[in-house]
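This report concerns only the one structure given below.
These numbers were taken from a predicted model, which means no experiment stands behind them. In what follows, chains are A, B, ... by sequence order, proteins preceding strands, each numbered from 1. When reading the values below, keep in mind they use all heavy atoms of this one structure, side chains included, and skip hydrogens, waters and symmetry mates.
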Amino acid sequence: MKLRLTILSLMVLVLISTIGVQACRKKEMEVPKGPTPVSFDIPQGFPKPEYDFAGNPLTKEGIELGKKLFYDGILSADGNFPCASCHQQFAAFATFDHDLSHGFNDAFTTRNAPGMFNLAWRKEFHHDGGILNLETQPLAPITAKNEMAETVDNVVRKLRASTTYPPLFAAAFGDAEINSQRMLKALAQFVVTMVSANSKYDKVKRGAASFTQFEQAGYTVFQSKCATCHQEPFFTDGSFRNNGIGLNPFLKDGGRIRITGNAADSMKFLVPSLRNVALTFPYMHDGRFTSLQQSIEHYRSGIKQTPNLDPSLQLGIALTNSDIVNLTAFLKTLTDSSFINDKRFAP
Amino acid sequence: MRFPSPFSVLLLIAVMLSGCQREVDEELSNAQLELTITHQSGGAPLQLGTPYTNGLGETFTINTFKYYLSNLALVNGNNVVTIPDTYFLVDDETDSTKTIKVQVPAGTYTGLRMLLGVDSTRNVSGAQTGALDPVQDMFWTWNTGYIMAKLEGSSPLSSAPNNRIQYHIGGFAGTNSSLRTVTINFPAPVQVERTMQVSLIAEIMRWFDAVHPLPIAQTAVSMTPGPLAAQYADNYSKMFRLNSVLIP
């Protein structure tokens with residue numbers, strides 16, 4: 001008798017628990033088959049990314065949508081200025097051979113377009129660090145009168161009205177709803193996958209290549225004279241510094257002070273990465289130097305004594321002519337040709 | 001062989017069901033807070049486009065008045081029940097934004113607390129939606145951050161183009177933060193089972209002089225985070241007062 005009761009209670013238990021588990025599982029099963037997850041690989045020697053992938057999980061469809069948006073003029077007022085008009089893959093996503101880039105209505109940008117890569121490890125964006133999240137970065141070019149000259153509202157409206165985009169949003173996000181958040185997350189998914197870590201320098205680090213004598217000599221000079229600011233592996237320490245280039249009399253750009261309003265930040269700019277630097281000419285925030293030699297020569301003989309000049313540059317940097325030749329050779333080893341030829345980033 | 005005791009059976013069931021815990025939590029927020037805000041100018045309902053005179057004797061007209069309220073919380077003495085994910089953009093032009101409804105746990109409360117603005121975390125957390133969507137035109141694009149409060153209009157005392165007055169108050173970091181916590185105390189503890197109606201009055205005149213006298217003649221336009229923006233925030237954080245608390 002006792003045995004039978006226990007068996008009965010066991011059966012009840014099994015029944016209840018299956019119902020319980022079923023109730024929970026049912027919800028999981030109702031979720032439609034979603035987009036295909038993509039993992040983000042951290043190159044050897046790179047730290048943990050800053051970007052919050054948990055808040056915007058990478059998917060094949062999300063990245064594809066982001067790429068389509070990046071190359072589509074629909075984000076600009078007259079259709080002529082997609083992101084890619086200023087960010088060209090063969091120039092490591094800087095604007096090729098332009099000090100300032102062209103935007104809407106024959107206007108120029110007020111700064112030199114930087115290359116785009118390794119954005120996942122960045123905390124601050126733009127030359128003055130004014131932008132604090134990769135996802136909200138596109139709002140700046142989209143709404144700037146001298147760049148894409150649009151409103152976010154109107155861009156969303158155009159995407160909704162198109163025939164191509166609703167299915168792409170549905171594939172990426174599970175339903176065809178189009179809003180600014182989804183657009184920005186898709187763009188972020190695409191640009192965050194732009195990782196450049198396969199230059200000759202990286203291969204040397206991995207033991208898969210070796211420097212020439214000149215490159216090695218340049219690397220040695222670099223480590224002792226440049227790396228305090230242009231720190232490996234990103235070739236920037238992420239700080240804001242006045243490297244003594246002096247105020248551009250036409251643009252009158254004070255850099256970081258524009259964001260903080262603090263006089264101590266006048267003429268400080270974000271230390272740029274030097275990866276792919278041979279491709280991203282012209283140089284500095286205003287594109288004033290056309291060659292690497294000129295940029296290096298600046299540190300030797302061109303430092304202007306302006307307020308907040310970095311203490312380490314007060315006397316300039318002592319460099320011999322052969323140091324400059326060797327440094328140039330070394331900087332060219334930072335060119336990542338597999339990155340600029342990577343089909344994943346091409347239209 | 002021993003068969004499971006009734007106790008372990010119960011335990012097992014509890015374990016199986018705990019996978020669905022979340023809904024139970026949500027069910028705890030079984031009451032509703034209805035927060036209504038009435039905008040006034042000099043004690044009368046605010047009319048956009050109508051000339052007023054501020055406490056400093058200056059004439060002005062408003063055509064846009066918007067601000068964020070977030071991180072709503074109910075207070076009971078030292079206990080603070082923060083209501084998760086509460087972000088609202090109150091826009092004078094749109095009446096529906098002046099009534100805010102949120103689910104709250106039933107209980108006894110002595111006051112209401114809210115953040116005037118958008119907390120620093122959400123300023124830098126990437127693309128947002130709803131009240132925080134950049135289409136609301138309350139987000140600075142080149143200098144990341146929300147405009148916490150926006151007042152626009154005109155005044156003959158303004159020397160800006162078209163006598164415009166334009167205050168976009170924001171900044172979420174450091175000494176120049178424009179974030180302000182507003183606490184509204186109820187006259188007596190209120191016991192809420194189903195619905196609680198809190199009615200607040202926001203007096204626009206406070207914008208110019210509640211703490212710091214900020215004449216239009218001196219500043220007609222303020223568009224960046226900084227010490228001045230922080231002073232406006234000090235002022236407008238004093239614009240709220242309790243009109244009534246009702247348990248209908």
### Task
Determine the minimum heavy-atom distance between B/Asp133 and A/Ser180, stating which atoms define it.
OD1-OG, 2.6 Å
### Query
At their closest point, which heavy atom of B/Thr144 faces which heavy atom of A/Asn133, and how far apart are they?
OG1-N, 4.5 Å
### Message
For chain B, which candidate among A/Asn56, A/Thr136, A/Val155 shows the most heavy-atom pairs at distances under 4.5 Å?
### Response
A/Thr136
### Message
Quick check on B/Arg113: does its CZ atom have over 12 non-hydrogen neighbours (other residues, nucleotides or ligands) under 6.0 Å away?
### Response
no
### Query
Checking heavy atoms, do the side chain of B/Thr224, its backbone, both or neither come under 4.5 Å from chain A?
neither
## Note on the structure
Ordered numerically, the heavy-atom neighbours of chain B under 4.5 Å found in residues 113-132 of chain A are A/Gly130, A/Ile131, A/Leu132
### Task
For chain B, find which of A/Asp153, A/Asn262, A/Val156 contributes the most heavy-atom pairs closer than 4.5 angstrom.
A/Asp153
### Message
Taking the side chain as everything from C-beta on, heavy atoms only, tell me whether B/Trp142 gets closer than 4.5 Å to A/Leu139.
### Response
no
### Message
Main chain of B/Gly126, side chain of A/Glu135: is a donor-acceptor contact present, judged purely on distance under 3.5 Å?
### Response
no
### Message
Nearest 0.5 Å, please: how far is CH2 in B/Trp140 from OG1 in A/Thr143?
### Response
13.5 Å
### Query
A/Arg258 versus chain B, heavy atoms under 4.5 Å apart: side chain, backbone, both or neither?
both
